[in-house]
There are 2 protein chains.
Amino acid sequence: MAPGTRQPTIKEVAASAGVSPMTVSRTLAGGVNVRPDLQAKVLAAVKELGYFRNENARSLRPGQASGLIGVAITNLGNPYYGNFALGVEEVAAKHGKRIVLGNTGEDCGREAQLVADFIGRQVEGLVVVPSGGAAEHLRADRLGDTPIVLASRQVAGLDVDTVLLDDVGGAYQGTLSLLESGHTRIGFLGNVPSVSTGQRRYIGYEKALAERGISPDARLIQRDQQDVEAARSAMERLLDLPDAPTAIFSANNRNTIGALKEIGRRIRSGAGATGFPAIVSFDSFELSEMMPVPVTVIDSDARQLGREAAELLFARLQAADSHGPSRMIELPVTVSMADR
Amino acid sequence: MAPGTRQPTIKEVAASAGVSPMTVSRTLAGGVNVRPDLQAKVLAAVKELGYFRNENARSLRPGQASGLIGVAITNLGNPYYGNFALGVEEVAAKHGKRIVLGNTGEDCGREAQLVADFIGRQVEGLVVVPSGGAAEHLRADRLGDTPIVLASRQVAGLDVDTVLLDDVGGAYQGTLSLLESGHTRIGFLGNVPSVSTGQRRYIGYEKALAERGISPDARLIQRDQQDVEAARSAMERLLDLPDAPTAIFSANNRNTIGALKEIGRRIRSGAGATGFPAIVSFDSFELSEMMPVPVTVIDSDARQLGREAAELLFARLQAADSHGPSRMIELPVTVSMADR
DNA sequence: CTGTTAGCGCATTCAC
DNA sequence: GTGAATGCGCTAACAG
């Protein structure tokens, strides 16, 4: 095709095939009630001209759905959310829908923009991992009638379908396993409490301690680390305490990696490979079995989380029920010593 | 949107505000030539009704761009490509465009579908990490006038803008560093040669060997592993050779992780932590400094790769030159001992 | 400054 | 089986 040309339209295909636009439309829609010889002519013209049906114009017609599901995640660079998106896509594909994926970068403003754009592009539904700030823009009545499902994190006061992990239970079990090994001084590394996972995992940790009559020691609790370097630095502070913890509960992948990096740093400066705290990590990571200290992993299936969120959305779409009572699902997690 | 309900339209907003649709349109477009009091009325009605401008209808008008860039990657679950997509998005945002992201899963058919859908949705340009199979559907003349940039991998016979890493040079340098340490039996772990990175990295490996007068030993070369388990198994075969390699060049992240897992397995079965081959890995990975064997990493910046690909695309879009001679960029890589 | 007209690409409805 | 008319939501161009 020559420079400066537009995408060919259905009219041009029709002209080229010597039929009316309707015959082209019908042929592309499956060919019911079109003579085979005309279909062949149309398909030849389509190929010849490099015609693609304009999906935007198509979805303009009333009753025609856009075929799109909007997915907003917080961090594309995190494989957990990448796999989550794959799970959503898998279910969407099963229903003949495509996903449009956007990254919020944990920024509430970008999230609002993204959601507005999704709606402007006529998505049929939304799957959002909320960034944790204000969430006015996610309220059902601000979304037109577009159904939304939250995943991984909940938003206080937002009464919409939500899929979470069993954060409290996982953190509880993980902490309990440390207590059962005899640890009493257990450090906590976590992300900001304004994110619901941070909040919920802390609750599980505290609950296990409480059952053993241990009240949390504020000096052992570091819960503001959003990235690996902050986590490493928090671990450094814990290890330097006069009465350092003998075990660490890390509430997510980023904190676990940071903690392990600090341990590695000390080993390489000649500290020897012993005497470091045992670690329980909420979220798995590759090569956990290769670490110089044993790591117990609380694992969840990101892809399954994505699938469940999408299923919840499609259930609502099929029920044509965008305002029914909201549902909440908690997915189980598995606690296991890193495979070694 | 749930079947049965509609998003409010510009007409309804106009009616609610007591103005004409054009006044609404103008207000939403920035408000030039609209009295402030009418603007206020319009904005109030917009908020009241929860109106979102229909971007699909908007892009139907001639001259109105869709504001979308289509991005197709091979594996969303791989953080490398996640970060790549972030780089594309960053540059797109700078130009006021949004990205639509799709996952091909290394499947050529899905890639073709995805690209067709992107064009059907009137994307202004495409950034594709090609899956490696046949690529008829990526030829410029099959894409209408939509410009395309390939990233990370090239496709033989496809003369379009491409951004690659310095695969050959990186592999050459990495292999050379092993040769300079005195290794002569250097194993190769890589992905399938039909993917251009696999091909190019092998060439660099071979080139370094040739300079030292070493001809590749077929028994040391395993180049069909696309996932971690296959890589581990390939490493197992290498280690079990009567004359096992003293060093390994691993051509990508998946192969490196697999190789290390096999080493870990042997250490845990009591093999002791010495006597394993030195490893050079094309692609970095987290916690590489914690490995029981030293790992040299050939690193590249996925995000920068995404940025460069996007810049190439926007250069072409702005030049309104979708058919000029194609350009090829090779990004440098850094070779460094894992920071330890 | 504001409103009316017209048409973007497509598919539903109704004629033939 | 096929085509002509019509309108989806929006905005350029023009009229007032």
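Chain letters run A, B, ... following the sequence lines, proteins first, then strands; residues in each count from 1.
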Under a 4.0 Å heavy-atom criterion, the protein footprint on nucleotides 6-16 of chain C, written with B, S and -, is -BBBBBB----
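A 4.0 Å heavy-atom criterion places the boundary nucleotides of DNA chain D facing chain A at D:dG1 to D:dG9, written 5' to 3'.
Taking both residues in full, the closest heavy atoms of A:Ala135 and A:Val155 are given as CB-CG1, 3.7 Å, listed atom of the first, atom of the second, then distance.
Side-chain contact of A:Thr23 with A:Gln39: a donor-acceptor pair under 3.5 Å is absent, judged by distance alone. With hydrogens and angles left out, the side-chain atoms of A:Glu111 and A:Thr74 include no donor and acceptor closer than 3.5 Å.
Between B:Thr23 and the phosphate of C:dC1, there is no side-chain N or O to OP1/OP2 separation shorter than 4.0 Å.
Within the structure, side chain to side chain donor-acceptor pair (under 3.5 Å) pairs that include any residue of residues 75-88 of chain B comprise B:Tyr80-B:Ser300 (at least two apart or interchain). Pairs engaging residues 94-122 of chain B under the ring-ring contact (aromatic ring centres under 6.0 Å, His included) rule: B:His95-B:Phe314 [sequence neighbours left out].
Of the options B:Leu158, B:Leu164, B:Val127, a side chain to side chain contact (heavy atoms under 4.5 Å, CB included) to B:Leu150 is made by B:Leu158 and by none of the others.
Interface residues of residues 30-38 of chain B facing DNA chain C, ordered by number: B:Asn33, B:Val34, B:Arg35, B:Leu38; criterion, heavy-atom separation under 4.0 Å.
A donor-acceptor contact shorter than 3.5 Å links the side chain of A:Ser196 to the backbone of A:Gln154. Here the side chain of A:Ser131 pairs no donor or acceptor atom with the backbone of A:Val129 at under 3.5 angstrom. Remark: the backbone N or O of B:Ala57 is not paired with any side-chain donor or acceptor of B:Ser59 at under 3.5 angstrom.
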Please determine whether side chain to side chain donor-acceptor pair (under 3.5 Å) holds for the pair A:Ser66 and A:Glu55, giving the CA-CA distance in whole Å, both sets of side-chain angles, and the decisive distance to 0.1 Å.
CA-CA 8 Å; A:Ser66 67; A:Glu55 294 296 330; over 6 Å; no
Q.
Checking A:Leu126 against A:Val115 for the side-chain contact (heavy atoms from CB on, under 4.5 Å) test, could you report, in this order, the C-alpha distance in whole Å, the side-chain angles of both residues, the deciding distance, and whether it holds?
A. CA-CA 8 Å; A:Leu126 293 165; A:Val115 165; 3.9 Å; yes
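Defining each end axis of the helix from C:dC1-D:dG16 to C:dC16-D:dG1 as the rotation carrying four pairs' C1' atoms onto the next four, with five pairs an end, the two axes are found to diverge by 40° to 10 degrees.
In this structure, B:Lys41 places its NZ atom where only 12 or fewer heavy-atom neighbours from other residues, nucleotides or ligands lie under 6.0 Å away.
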